[in-house]
Novice: 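Got a structure for you, written out below as structure tokens; questions coming shortly.
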Amino acid sequence: MTRRVDEILSWYEGDDAQTLSNLRRMLEQGRTGGTGKLVVLPVDQGFEHGPGRSFAANPAGYDPRYHARLALDAGCSAHALPLGAARVVAPEYAEDLPLILKCNNADGLYVGDDPEPAVVAGVEEALALRCAAVGFTIYPGSAHRNEMYQQLRALARDAEAAGLPLVVWSYPRGSGVSQEGRTAVDVVAYAAHLACQLGAHVVKVKPPSEHIESQAARVALVKAGVPLATLADRVRHVVQSAFDGHRIVIFSGGAAKETAAVLEENRQTAMGGGFGTIMGRNSFQRPHDEAVHLLNNVMDIHLAQVPVG
Amino acid sequence: MTRRVDEILSWYEGDDAQTLSNLRRMLEQGRTGGTGKLVVLPVDQGFEHGPGRSFAANPAGYDPRYHARLALDAGCSAHALPLGAARVVAPEYAEDLPLILKCNNADGLYVGDDPEPAVVAGVEEALALRCAAVGFTIYPGSAHRNEMYQQLRALARDAEAAGLPLVVWSYPRGSGVSQEGRTAVDVVAYAAHLACQLGAHVVKVKPPSEHIESQAARVALVKAGVPLATLADRVRHVVQSAFDGHRIVIFSGGAAKETAAVLEENRQTAMGGGFGTIMGRNSFQRPHDEAVHLLNNVMDIHLAQVPVG
Amino acid sequence: MTRRVDEILSWYEGDDAQTLSNLRRMLEQGRTGGTGKLVVLPVDQGFEHGPGRSFAANPAGYDPRYHARLALDAGCSAHALPLGAARVVAPEYAEDLPLILKCNNADGLYVGDDPEPAVVAGVEEALALRCAAVGFTIYPGSAHRNEMYQQLRALARDAEAAGLPLVVWSYPRGSGVSQEGRTAVDVVAYAAHLACQLGAHVVKVKPPSEHIESQAARVALVKAGVPLATLADRVRHVVQSAFDGHRIVIFSGGAAKETAAVLEENRQTAMGGGFGTIMGRNSFQRPHDEAVHLLNNVMDIHLAQVPVG
Amino acid sequence: MTRRVDEILSWYEGDDAQTLSNLRRMLEQGRTGGTGKLVVLPVDQGFEHGPGRSFAANPAGYDPRYHARLALDAGCSAHALPLGAARVVAPEYAEDLPLILKCNNADGLYVGDDPEPAVVAGVEEALALRCAAVGFTIYPGSAHRNEMYQQLRALARDAEAAGLPLVVWSYPRGSGVSQEGRTAVDVVAYAAHLACQLGAHVVKVKPPSEHIESQAARVALVKAGVPLATLADRVRHVVQSAFDGHRIVIFSGGAAKETAAVLEENRQTAMGGGFGTIMGRNSFQRPHDEAVHLLNNVMDIHLAQVPVG
Amino acid sequence: MTRRVDEILSWYEGDDAQTLSNLRRMLEQGRTGGTGKLVVLPVDQGFEHGPGRSFAANPAGYDPRYHARLALDAGCSAHALPLGAARVVAPEYAEDLPLILKCNNADGLYVGDDPEPAVVAGVEEALALRCAAVGFTIYPGSAHRNEMYQQLRALARDAEAAGLPLVVWSYPRGSGVSQEGRTAVDVVAYAAHLACQLGAHVVKVKPPSEHIESQAARVALVKAGVPLATLADRVRHVVQSAFDGHRIVIFSGGAAKETAAVLEENRQTAMGGGFGTIMGRNSFQRPHDEAVHLLNNVMDIHLAQVPVG
């Protein structure tokens, strides 16, 4: 089974031993360990949307340690979190659970047309907190995208020197893309490609819709006969856009929704060759056992689609 | 009694000995020493509002040393002040009174829609002046919030290296929040959460009003049945938003007001689980003995609400 | 007599020996030496207003060395000047005359609503030119004030490390204050207070007018019954705003005017507790001997108001 | 034959041995090796235009390694590519194929009036990936040109210290030039000259059109009787503008077009003294063997115009 | 005759031996060597106006080496040029001809209301290329002037450490001055003064016109009876504004014009006490021998006005 992990790691042969070791750690953690699938629990919604909106539904979540415990209980691959939470969580959990330090975040108390997160942590803090990786959000389509790309480059250099893999949230947003275009299949594929070109080891994007934002992309895709009818088709295009599938691409769930919808979405992304999911509100806003149950169901779906090594 | 202090310090287990020692120093200082309660005297109003508006009512206050003496006489936990004042005060008082060097400030001679304080001091100066902590103001809701968050990160890194705790004034303000929203309960809770995520050891916010600024927050809070009717209720929500109460949150008094109002406000914040108060104009604009008396009454209120260890 | 100098220096006890030695040098220089009074000759008008407007009236002034000679002949405490002039003057005069290197300046060929000087020198140059102090202008009220405060902080840190006192020109100006408000008594007091909070050893402000710019300040000053009728009264309020008189505050003369007006202005500032004057155009645009005579008369006025030690 | 390479390298006599060695490596690589001609395969279109538009026509191109293989198979002089692709390609190909690390790029998800690429790699990464040169795009005519020139200067200094030649894409674009002016002969010549003045070893421009953008340039060119009727004439003017032909100038092909048009364009640039071509979409969007065939035909055209040494 | 050079160097007594040695080198170079007069050949017009406009009239000038040869043939004091050209020229000419590396430049493909050149070289490059001085342009009157002044300060510090004199092109331009005001006598005098205050060893300005831009300057100049009727008068005022003639001020020729006009302009600037000229297009756009002849005639004019030592 670990042959799949070795195969995946071979795509990153330019990376040093420490980075590969941290990447391997996430790939071998939890219930999907060894299969090349990743199910990550991200909790930065307190920062991004506010504490009440994020945790009032399940008040246990006000305590950052709850999420680390949940990730362990459910057998997740890793847990992504901002600096303050990491300072609470790391002393107890950093050894048993791979932590991804989210290094930039945007809060919802000021919302402009062109989002730009603040860089509030970095490799130095990640090392001190014994994290397994660093995370960073880019918003292609924002007038401020270049600042983000350049901050990402600086982070990537520091991360490389420290042997930490780089997980990139690539979310098109801002005055360069329409509201519908944020999840358009060509835009999501583009976002995944950009993250790869910028040095990401793991890319997180949203499930792509049928919408095509760019006329030139539509012409090219139609001409080449690229199948885009089902979510699985579109996921396949996105994964292909990530260096022909040689980068780990996982899909996020977005706003909380019905269980059936969550499972179906994961079934499609798994069928399309997605490497897993990163699921926050849909898990931690449910009661603990229900969340573990859902996460396990999602893991089962992805495990059912492991490529034959 | 110091068991409460040990308990509080255990929430910061990621911090090094020097930082914890400085934090302990404030928690063991003055009349509330050892109880986990903090009553801080802040005097940066000369910088923020001008000298006449701040000190004409009690001209003794033109001399920075007056405030340090007042803080000692009243048994306060610490005294927060800007660089210039600290240079006057520190030689005589830094040993007996924990000083919090306020590292950024905004003056009232230019007021834009989106406030942005100037960073006018840092850890280097705090160490030279033998301060016990550094203080920093953020204005979530301002178009310039990201600059502040990033300046805060830099300060936090320097402070960590120097073993100085970080006290964050988190005051939503600017074009992202309405005038009424500055003290809305969801916004204050959000502000407290952000300060924690950004690495604050101690968070200072304003007493939250009944107003709810964000429709999404309102939906979540109502759905979850969070009690918000009294100030004590709302304080409880704010404290919960600060890592489920595992960060020290204190409340400021704002503009000078009647004694009865000050005491009632403190009674409510104490009942809601607040860790104390930071009270400037309401103390130093009164004559010395009256100020000491009021501060002592406020301390008594908070001491009456010390959790049973 | 030097007891007064010792007393003044005791206000700066946090400063190191080298800084105090340079401050003492200015306080013991020239005709007012040893009395705690300062009369400074500043010549940056060539930079600020242009050479013709500044020096055509007395063409000897085109040569920077003329001003240094004038300052010595008149028995001034120090001479403030920009970098280029300092490079001409320092080799010959730095030993006999305390030089204050003006580190930022604004020229009049571009005038915006919100002034912002360029930082064109610093401590490194001041040391190389053997200056006794560094000078810096801030414009509270300008949209760019924060940049200036932050540049000032950087200069202050360098200056402290090098043992150079900091002289701050604090001139409210820009879109945050009205034209009349630039010399309003509350605004000038605020400007002096800000300079002190930012670390100034010596503060230079304009003589305050009867105008009060801020309604809140007016209410506070009237309620407290602060006397503001005469210039001496207003100077007293400004000096009090500078840490209750524990910082050296000197007053500038502004545009060239009649001798009688100059003398009366100085009489009032001396009576109000001002520490002296910084007088440029009113001296160097007069012929040499007339300038020496006027400066000596001004010194006599200030010497007549030396506090009894 | 290598005498031509020696001659070319003599134009760069100020450069150190390592830089010259890398430049020589490109000049001796592949089918045009030793002739002074360069045919480069650039693949940053995934970043610039998106993956679908770039690779759907020939899906093998989703994998960065395909392009390196194509460049080798066709006997190209070098392969230019962004950071992420380089990390995939370098371990296997850096030794056999000179790689040019493209250090800045602009994506198409946000398009403003004045383009500004993000700097997403540099000399440090180029060295780690054993690249033979660094590449950088400037957009003269953009309001942000100065940032690019200054970033280029920083890159050039790093590159010089590391012994890496600098390849500059100089593409006039932005609010300073009209749409038609982007390929105007005077503008292209200006763009080539600017790149040389900024320190480029190799300059890449677009084939110049007959349009003349600047009236002053038209007057000067007409007065001097500069022949500009054919593309070959115009290429000659551009090459002359590059230090009288003492810098290597190559021409890009632009959007995919018919084979005959590609060949004719190359014939003209070769006749005009161009040093070769850099051809992306016209090659890699064709099937592999067709692409190799076309590249070989283009090489033959340039080889037919090698100056007699 | 070298007594004049010694006298001039005595004005810079604060400078170190290496700087003075480089300054002396220019003052002793060529046909005006030893007389205190400077005739400099500047060629950055390819960068500033484009190659065709600059060199089509005399195509030999496309090769940077032509200009160095011309400067030597004509007996010029120095040759000013941008980085790229300097890299071509320096290996062969840096020893025999003092080179002034022009460290910032603006190109004409983007022209805004407020010019701001790009800093594209510095002292590091100047040293590597064995230049005798560094050159820098400031545009007083531009909204971006402060950036230029601050960049100049940084350059000046580096130059001082390296022993390189600083040549400043001071050209008022931008939204702060009218079109006519760019050469107004008060403005040119102000520009020269600013350059001196910012640390220039040699100042280059344009010949001043009779226009007076500032009303306040007009009042002062008229009141003082400053003669401004002839160009010689106005040059005298400008030279006086440069520290009473204790800085080297040379005048540029501007756009190409008739020989008689060039000579008359030089006659006037020489009579007014100007130290020489910096003449680009009027020389290098003429055929070689004609250019040498003109330059020699200009030198003769300046030599005829050497002050009696």
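Chain A is the first sequence line, chain B the second, and so forth, proteins listed ahead of strands; every chain is numbered from 1.
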Novice: Is it the backbone or the side chain of D:His201 that comes under 4.5 Å from a heavy atom of chain E, or both, or neither?
Specialist: side chain

Novice: If you tally heavy-atom pairs under 4.5 Å against chain D, which of E:Gly108, E:Ala60, E:Pro59, E:Ser54 wins?
Specialist: E:Gly108

Novice: Sort D:Arg218 into side chain, backbone, both or neither according to what part of it lies under 4.5 angstrom from a heavy atom of chain E.
Specialist: neither

Novice: Looking at E:Gly46, E:Ala56, E:Ala86, which has the largest count of heavy-atom pairs under 4.5 Å with chain D?
Specialist: E:Gly46

Novice: With side chains defined as the heavy atoms from C-beta onward, is the minimum distance between D:Asp186 and E:Arg53 less than 4.5 Å?
Specialist: no

Novice: Which atoms form the tightest heavy-atom contact between D:Phe243 and E:Ala85, and what is the distance?
Specialist: CZ-N, 3.4 Å

Novice: Is it the side chain or the backbone of E:Glu116 that comes within 4.5 Å of chain D heavy atoms, both, or neither?
Specialist: both

Novice: Quick one: of E:Asn104, E:Leu83, E:Asp44, who has the most non-hydrogen atom pairs under 4.5 Å with chain D?
Specialist: E:Leu83

Novice: Can you name the nearest heavy-atom pair linking E:Val119 to D:Gln150, along with the distance?
Specialist: N-OE1, 2.7 Å

Novice: Hydrogens and angles aside, do D:Tyr149 and E:Asp107 bring a side-chain donor and acceptor to less than 3.5 Å of each other?
Specialist: yes

Novice: Can you name the closest pair of heavy atoms from D:Gln197 and E:Pro82 and give their distance?
Specialist: OE1-CB, 3.5 Å

Novice: Checking D:Ala192 against chain E: side chain, backbone, both or neither under 4.5 Å from a heavy atom?
Specialist: neither

Novice: Using non-hydrogen atoms only, which part of D:Glu160 is less than 4.5 Å away from chain E: side chain, backbone, both, or neither?
Specialist: side chain

Novice: Return the option, out of E:Ala57, E:Gly122, E:Ala90, E:Ala106, with the maximum number of heavy-atom pairs under 4.5 Å with chain D.
Specialist: E:Gly122

Novice: Name the member of E:Glu125, E:Glu92, E:Glu124 that forms the most heavy-atom pairs with chain D at distances under 4.5 Å.
Specialist: E:Glu125

Novice: Could you look at D:Val226 and say if it's the side chain, the backbone, both or neither that has a heavy atom under 4.5 Å from chain E?
Specialist: side chain

Novice: Taking all atoms of both residues into account, what is the closest heavy-atom pair of D:His237 and E:Gly52, and its distance?
Specialist: CE1-CA, 4.1 Å

Novice: What part of D:Ser214 gets closer than 4.5 Å to chain E, counting heavy atoms only: side chain, backbone, both or neither?
Specialist: side chain

Novice: Determine whether more than 12 heavy atoms belonging to other residues, nucleotides or ligands lie under 6.0 Å from atom NE2 of D:His211.
Specialist: yes

Novice: With chain E as the partner, which of D:Ala189, D:Ala216, D:Ala195, D:Gly245 has the greatest number of non-hydrogen pairs under 4.5 Å?
Specialist: D:Ala216

Novice: Considering all heavy atoms of both residues, which atom of D:Tyr190 and which atom of E:Glu48 are nearest to each other, and what is their separation?
Specialist: OH-O, 2.9 Å

